[in-house]
Each structure stands twice: as C-alpha cells, then as structure tokens.
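Have a look at the structure below, then the notes.
The figures here come from the full heavy-atom set of this structure, side chains too, leaving out hydrogens, waters and symmetry mates. Residue numbers begin at 1 in each chain, while the letters A, B, ... track the order of the sequences.
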Amino acid sequence: MAEEYNFREIEPKWQANWQENGLFEVRQDPTRPKLYCLNMFPYPSGVLHVGHGRNYILGDAVVRYKKMKGYNVLAPMGWDAFGLPAENAAIKFGIPPAKWVADNVANMKRQFTSQGIMFDWRREINTSDPNYYRWTQWVFLKMFEAGLAYKANAPVNWCTSCAAALANEEVVDGTCERCGSPVIQKQLDQWFFRITKYAQHLLDDTELLKEWPEKIVTMQRNWIGRSDGAEVDFRLDDGATIVRCFTTRPDTLFGVTFFSLAPEHPLIPSIVRGTDLEQAVLRFCDANRKVGGARGSDQQYEKEGIFTGRYLINPVNGDRIPLWVANYALMEYGSGGVMAVPAHDQRDFLFAKKYSLPIKVVINPPGTDLDADKMTEAYPDPGTQTDSGEFDGMPSEDAKKAITEHLIRIGAGRGVVKYRIRDWLISRQRYWGAPIPMILCDKCGVTPIPESDLPVLLPSLHEFKTKGGRSPLADHSEFVSTKCPKCGSPARRETDTIAQWLCSCWYFLRFTSPWEKGQPFNRADEKYWMPVDQYIGGAEHAVLHLLYSRFIVKALYDLGLVSVKEPFKALFTQGTIIKDGMKMSKSLGNVVSPDDIVSQYGADTLRLYTLFIGPPEKPAEWTDESVQGCFKFLRRLWEIFGEHEAVVRTARTFAGPSTGLTADEVNLRRALHKAAKKVNFDIEDSFHFNTAIASLMELLHIVKELAPKARPEIRKEVFATFARLMAPMAPHFAEEIWARTGGSGSVFTQAFPSWDEAVAEDPELEIVVQINGKLRGRILLPVGSTKESLEREAVSNETCIRLVEGRQIRKIIAIPDRLINIVVG
RNA sequence: GGCCGAGUGGCGGAAUGGCAGACGCGCCGGUUUCAAAAACCGGUUCUCGCAAGGGAGUGCGGGUUCGACUCCCGCCUCGGCCACCA
C-alpha cells in the first residue's frame, strides 16, 4: 500500500524547519546580487482571505525563485497599523486600538506561516509602535525643515460620519471613500505637505519608471495633470479691476464671447456691489457653492449661470464681453475664471446655446470654413486661424505660442504651467495616529519639537471619539500642556495626528535596518538595499500611496538623507480575486478563508491554485471546484513518485553523457528540459506562474508514462529536477520530494534548474514541414540548428524533396524549434 | 467627454506572425463497486457523417503576408481609471 500524500504532516514540518534554519533571515552578502522584494504591507484588519493571499503567494514564489537563482533576497513584512479602521473598530468593540491591532497581527502572522509565506520576521515593523512612529515624526520634522510642511486655514473635505478631514484623494464622488457618507466643506487649521513643489520632478521622473505597468505611470501623470497654457488678464469695464483666467488655448483668444467666474470667486461681491443684479448673483453663488470633492453628486449636472450685468474687455481685440457666474467654473483650478469660446469648447458651446450667447469662429478646420450659425457642436481640434487680427491664416498650433508672446508684449498675459495636483493634507483630527511633533507657543509661534525629544508619545486614552472637529487629544490636558523648546514659556502641543498615509511612505526604508535606535535607518543598509527592486501590490494604490512615497523619497534625497531618487524600481500590480461576480470582501459575504483551504487541501494546493487561477496581473474568478485540480496534481505526482521512490533513493546521480539513451529516456529528458525552459521563461518574463504550473502538469503526464521505462539514475534526475522546478510554487511538497530523492539540505539552497546546458545535449528535434503553409510532414533535425542551417537542410532533406515534388522553391521560411515552411511556385 | 485595457469552447484560460483551444474545471462514456463517492482510463469548439473523412471557426468589416487570435485601418461590445481641469 502506497504512502498517502499527507500534507498535514509535511507542511508544518518544513515550516518549522525553515524557521529554525533561518532560511529567510537575510544579511548583506557582497558575493551575491541583492534583490529587495516587497509586498505592500497590509492593514491589520484581522483575517486574510484568499483574495489578499494572491499578493503574498505571488511575492513568496518570486522570493523563493530568486533565492534559488542566487540572489540575496530581502523579503520583510510589517503592519500599517495606524488609521481609521483600527480606531473605528476599537470604538465599536470597546477595546483599545493597540489591542485590536496586536490580536489581528498575531492571527495574520499565523495565516502567513500556515500558507508557507515566509518573511524575515526579525525585521517586522508596526507603524503604531513608538519605535517606528518616532521616525514618522522625524520625517515630518525633516519636511518642515525643508519648508515642505506648512499650516494653513483651509477649506477641507469633512466627512460627517468619520468626523474627520479627508484628503482630496479620499473623497470619491462627493462621499467619503471609507464610509460612503456625504462630505461637506469645513474651514480648519490644517497641516499640508507642499507636494505641488515637486509636481514637475514627480512628472519628469516617471521616465525612470521603466519597469512599472504603463497604466499606473499614466495614472500618475494624469493625477499630476500638467497643463501648458497662458494666463490672460481681462480688464473690467470700470477700467481698474483685473480678472484673470487660465487657458490652454490662447489660440482661441479672439473667439471669446463671454466669461465665466466660479461661484466662489472672491471678486464677485465687489463686482456686483450696488447693481440691480447683486442679490440675484449672490444668491446664485450661495446655491452653487462647491460641496465636498465634487460639486453636487457624482452625476454631470446641468450647466447653469447668471449674468452679472458687467463686461470685460478682451485685451487682444477690445471686444466687450459679458461677465457671467457659472457653476461649471471651478475655483480650485486655474484662477477660478474661464474665458469662454463656444465655437471651440464643448462646455462653452452648451452654455452659450442655453443662454443664447454669441458664437464666434476663430479656427477653421483644414479645407473648410465653419459657419457659427450652423454649428451643432464645438470644433475643438486644430486648424487655421480666422477672424484673429494679425494671426489670420496661421496654423492654430503655431498661434498658441504667437498669441501668448503677443500677450506678453502688450502686458496682458504670460505663459504659465498649471498642475491639477494639490498640496497634501497631512493632519487628522483623530486619535489613532502619530501626534504631529509641533508646539504652538504664543511668543514663538509654530515651533518644531527637537529631534532628541522624539517620540511624542500617543497617550493611552479610553475615550477617543472625535467631537466637533477637534482631535480627541485636545481634551487631554497632560498631553496638550508643555513648554516651548525655544523660549521655555508654557505652550500647547499640536493635537492633530499624522495621516496614516505618511507612515506607509517610508516604511521600505525602515525595513533596511529596523533595529536602529538612534536613527530611522542605517545609511549603509539603506544604500545597500534601496531601491526596492520588486514592489508588489494592488492597483488601488496606483496613485496615492505610490505618489506620496515617491514624493517623500525625493524630498529626503534632496536633503541628502537617502541615496535614491525613486523608491520602487519595478512594480507589479496583481488583479483582484472575484467570487460570485464580485470582489471578495467581508461585507459582501463572499470570502474564502485560506485556513479552510489549508486544512482541507494543504498550503501547497492553495498556493498552486492561487497562482494557477490566471495571469496574475488580471482579475480572476475563484471557483471552489477548480481548487481540486491542483490538489489532484500534487496527489498524482506524490503517488507516481511513490512508485519510484525506493529505486530513486538508492540510484546514483545521473552524470550523462546522453549517448546510449533509449528513445524513451531521450523523450523523458527532453520533456524535463522543455518544462524547465518554460518555467524559467514564464517567471522571469512576466510572473506568469499560471502557465509555468500548466507546463509542470504536462510534465507529470509524460513522467507518468516514461519514467517506468527509464534507468534509475535518470528517474532520480527527473524527480529531483521536478522538485526544484516546483519549489517556488509548492515549497513544502518540493522539500519533501527533494529530501526523498536523497537531496541534501533544503531545496532552497539548490540552484533553480536552468535549461540551456540541458537542451544542448538533446540530440534532435522534430520539425514540422509545411508547403505553402498547407501540406505537412515531419523531419528530425539536430538541436541547436540555426535558421540558416535549417534552410540548408530543407533543400537536401529527403522528406522535403518528396513534399516539394519537383516544383520550384520560391522561399524557405525556417523557425528554429518549430517548423520549416517551403513556398513553392 | 478623456486616457488605458480586453473580446478565443459550457467555464477559467493557452498559443515569438507558424498544428487555435495547452493546462485545469465541468460534462459524457468506460473500469472498479452490492451501490455510491473516490480513484483510474477514454472523449469533449461547432457542424455534416455510422465511419473514414469533409466544412466552418478566435466580436464585426476591410488590409498586409506563403501564412493572422497575433500586425495595420475602420466599426461594435464590455471593463477599468480619470472627469464641466478651461
């Protein structure tokens, strides 16, 4: 009776073995190339589901593969533990956030281990640990020193339910990204990071992100949102007031027929003061003031506006144009005013039609003349200038520059660059975060806490609900009262906490030397390990986390504190796991627990299926039945190995040469080499473990058929190589087979099978012969044939001659390894 | 509206411009069993045919090529992200 595949015994055994032997404890090793492979660290929300697992299993497989390829691999893990969910959960369940975090961390760590996902746990970090967050506070101080942190009274997005200010990025369609409650505007004193100062750097250096998905780079560029254009000064009809606007289309300046101000525009009250329309205009402004991240709801709203009764003078042609207030003009973009050119902008066109405003064509499409009266939509494309004074006849693309220069000459404008990105709101009126390390002194003003006084400890509070926009810390007098570090007089601490985003913007630096006490990281270690060679995570962080991290690293680089300009050399964003047509999530009730799969089928089955489910960059549908396919694969391989185990264990090591092998032995070894080639290529090229596993399944079929016919030492080679090939994906299983083939030590101290040498000893390959892409035959040719030698061979080969049947050969197309196509006339 | 992706069996998905549908699931048939499950063996794009074999076939329409799922042009559909950003 054959021994059963007992994963329940095998898996814990090897997990303990790896732990004991410190397999994943990495040190700097100058003899090997380094590889810093990082999975985005999780929010310790409690329980991992198999959707989360995709991330970590993929990363672990890469780490194990690279390790076998000879790299010195750093694979650390930690916890992004500050932030709203922990605090909300703590309020809900009445336990301290720190306890909630600690419990969840313990469980998630257990889940990682039970799935065979191994990290260098000596480097574990937790962002809510004072040993960590004192250095988050240090980052804040450095930003302040660099003039990149400032306090301003600003309208902030305020979530009515979370009772917290949100970053623009956290507002989705006017509601809170986390809880979905409506977001309103509120004026508060807030800390900002001046990310806008780095907008151009961040944009330029997207050039360096060659190993990032194109999609993510594009999203970063769009988010920064550079627009090149001109600022134009329009003079109010009183001759004094100047109303500014930004345009990307100075070429359309002669076609301006009205002007729209944002309802929040500060000039409006003075412009309409004392006029008949004053009350109506102000009422309109109040009614259309922006609420939340977007005006109104998520839907496009009807364009509305009101005439102010006043006129502006177009600086280039003296046209007197009506000044309107319109709800589609945004105060926070440009300068809050739009020069409206209905003929060449669709929004302006719709507005002009609605309010019967004139339309003036100044750009004609190539070859035709537009008639303003007959237009049904705006013509936004380039063309030839018309009705534009001295610029008539000029291509509109050239006119952009020419008209801007003209504006400069007459002192009515200038070329400018605008960015969509805004400064980063960094303060939160919440408890569960790192206190902002600042002191408010009546005499000295806002004063940073000296580095030596860090950390500013977060006090343990039992009551930490936010009240009326104040941080809970504000009610805690022992925390608030302090002395000014400059003048020594009584002062107050800043009571806002640091947005959790900042904690996760530098953690990859801390991982390089997390044990450092007197500094955030050791410079030598940072220099050795940075940048992160392979970053793996979800595309949901495509903009915020990645952009913030890039910004912080650039700022620290400019301060001479880190050695790299970009933190992440290569990025891989894996697709989400779908179940029953929806993203897997606790709230939808469609989660599959890895614990259940592990106990039923084992960690290796879970890992194989997760990798096999589809190409890792794309979303994939989880089906419980399909899991069995991977389990069956392992069990079959186990059983087949069992039939050969006794022979293999005592066999000597196959050392070649390949002469004198039977046809079956050649075919068996060829299949092995083919699989090795495929697995190497798939992992190296694209992390396509799905096809790598498929090729191993194919290999199993052949091994099953041919291994019984091969001599013992070849069988030994086959099973030992098989074990090494599957080690990244099914590590426990591979260790067990490796050990049972008589292999010494851990399979992860072995080299991953390469294929080039192996293939070179393969005697011959079967090549398909096509005639005019149709008829087919097969010939055997030596392995390693080049395209040229194949073509030569085809002319003299008997099979080919017979197939050509005397017709004239026009062309021979040879694809090494695959086929020869002979085109005959 | 803008910018990306993607359309292949019943399903997930394979295919450097070269045997379309690898591999897995499911399904069908068989072996085994008192029976069922499991396991094992075989089959499984559609279509005509008892069969051998034939025909069609990668969203639609063109094109390039000896040869197109793959490249080019024009559509259609779906998904993602950003969106009255001047």
Side-chain angles (χ1 to χ4, degrees), chain A residues 172-173 213-219 221-223 225-227 229-230 232 245-250 252 256 259-260 262 294-296 298 300-304 326-330 332-341 344-348 350-351 377 380 418-421 539-540 542-543 575-576 578 608-609 612-615 617-633 635-636 639 678 681-682 685 688 690-701 768 770-774 776 778 810-825:
Chain A
V172 176
D173 299 333
E214 184 58 41
K215 192 177 80 176
I216 306 291
V217 174
T218 305
M219 284 166 74
R221 289 193 181 126
N222 290 344
W223 191 265
R226 179 184 162 127
S227 302
V232 188
C245 74
F246 172 73
T247 179
T248 55
R249 296 294 302 277
T252 64
V256 177
F259 195 104
S260 300
R295 201 191 299 273
D298 52 348
Q300 272 215 358
Y301 38 87
E302 177 71 17
K303 287 179 180 41
E304 307 221 350
N327 63 352
Y328 74 93
L330 306 174
E332 66 278 9
Y333 188 77
S335 45
V338 182
M339 55 172 240
V341 187
H344 306 293
D345 181 285
Q346 189 61 20
R347 295 173 308 248
D348 299 342
L350 292 173
F351 194 86
E377 58 177 7
K418 293 275 181 197
Y419 299 91
R420 202 184 77 106
I421 191 170
E540 67 273 19
V543 178
T576 47
I578 310 289
L608 278 177
Y609 179 60
F612 185 64
I613 193 166
E617 70 279 7
K618 292 212 287 201
E621 173 88 27
W622 180 280
T623 42
D624 291 325
E625 301 80 51
S626 299
V627 176
Q628 289 170 23
C630 291
F631 181 66
K632 279 189 211 164
F633 165 65
R635 199 176 49 195
R636 277 177 200 151
E639 276 165 15
K678 180 80 178 143
F681 178 80
D682 287 345
D685 186 57
H688 278 187
N690 56 326
T691 46
I693 292 167
S695 71
L696 291 174
M697 289 171 167
E698 271 182 273
L699 178 60
L700 173 63
H701 296 154
V768 173
Q770 291 183 349
I771 305 294
N772 284 358
K774 278 285 176 192
R776 284 196 295 275
R778 280 159 204 282
R810 274 186 18 219
K811 202 162 154 192
I812 297 176
I813 300 135
I815 291 102
D817 249 41
R818 300 267 342 206
L819 62 79
I820 293 173
N821 185 43
I822 302 171
V823 183
V824 298

- [ ] Could you check if the base of B:G29 is syn or anti? Syn means the glycosidic torsion is within 90 degrees of 0.
- [x] anti
Any-strand Watson-Crick or G-U partner of [N], both distances under 3.5 Å:
N: B:U77; answer: B:A6
N: B:C11; answer: B:G24
N: B:G17; answer: none
N: B:A52; answer: none
N: B:U70; answer: none
N: B:C40; answer: B:G30
N: B:G1; answer: B:C82

Between atom [atom1] in [X] and atom [atom2] in [N], what is the gap in whole Å?
X: A:L696; N: B:A14; atom1: CG; atom2: C1'; result: 15 Å
X: A:D345; N: B:G2; atom1: CG; atom2: P; result: 13 Å
X: A:K215; N: B:C82; atom1: NZ; atom2: P; result: 11 Å
X: A:Y419; N: B:C82; atom1: OH; atom2: P; result: 22 Å
X: A:N327; N: B:A86; atom1: CG; atom2: P; result: 17 Å
X: A:R420; N: B:G2; atom1: CZ; atom2: P; result: 17 Å
X: A:Y333; N: B:A83; atom1: OH; atom2: C1'; result: 12 Å
X: A:D685; N: B:U16; atom1: CG; atom2: C1'; result: 10 Å

Shortest non-hydrogen contact between [X] and [Y], atoms and distance:
X: A:S227; Y: A:T248; value: CB-CG2, 3.8 Å
X: A:M697; Y: A:G629; value: CE-O, 4.4 Å
X: A:A329; Y: A:G336; value: CB-O, 4.5 Å

Please report the distance separating the [atom1] of [N] from the corresponding atom of [M], rounded so that it comes out in whole Å.
N: B:U58; M: B:G63; atom1: P; answer: 16 Å
N: B:A51; M: B:G43; atom1: P; answer: 16 Å
N: B:A15; M: B:G7; atom1: P; answer: 12 Å
N: B:G57; M: B:U47; atom1: P; answer: 15 Å
N: B:A20; M: B:U16; atom1: P; answer: 14 Å
N: B:G49; M: B:G30; atom1: C1'; answer: 24 Å
N: B:G1; M: B:G9; atom1: P; answer: 30 Å
N: B:G42; M: B:C78; atom1: P; answer: 43 Å

Looking across every strand, which nucleic acid part, if any, lies under 4.0 Å from [X] by heavy atom: base, sugar-phosphate, or nothing?
X: A:G229; value: nothing
X: A:G336; value: base
X: A:R221; value: nothing

Approximate separation, where rounding is to 0.5 Å, of [X] [atom1] and [Y] [atom2]:
X: A:R636; Y: A:H701; atom1: CZ; atom2: NE2; value: 6.0 Å
X: A:Y333; Y: A:R420; atom1: OH; atom2: CZ; value: 9.5 Å
X: A:L330; Y: A:S335; atom1: CG; atom2: OG; value: 11.5 Å
X: A:I613; Y: A:E621; atom1: CD1; atom2: CD; value: 8.0 Å

Review item, nucleotides 21-28 of chain B N/O atoms under 3.5 Å of protein N/O:
{"residue": "B:A22", "atom": "O2'", "partner": "A:E698", "partner atom": "OE1", "Å": "3.2"}
{"residue": "B:A22", "atom": "O2'", "partner": "A:E698", "partner atom": "OE2", "Å": "3.3"}
{"residue": "B:G24", "atom": "OP1", "partner": "A:H701", "partner atom": "NE2", "Å": "3.3"}
{"residue": "B:C25", "atom": "OP1", "partner": "A:K632", "partner atom": "NZ", "Å": "3.4"}

State, yes or no, whether a side-chain contact exists between [X] and [Y] at a heavy-atom distance under 4.5 Å.
X: A:T623; Y: A:Y609; result: yes
X: A:R249; Y: A:V341; result: no
X: A:V627; Y: A:W622; result: yes

Looking at the side chain of [X], which of [options] is the nearest nucleotide?
X: A:Y328; options: B:C84, B:A83, B:A86; result: B:C84
X: A:M219; options: B:A14, B:C3, B:C81; result: B:C81
X: A:K678; options: B:A86, B:A15, B:A83; result: B:A15

Open item on the list: Which is more 5' along RNA chain B, the nucleotide nearest A:D682 or the one nearest A:R635? Just name the residue.
Closed with: A:D682
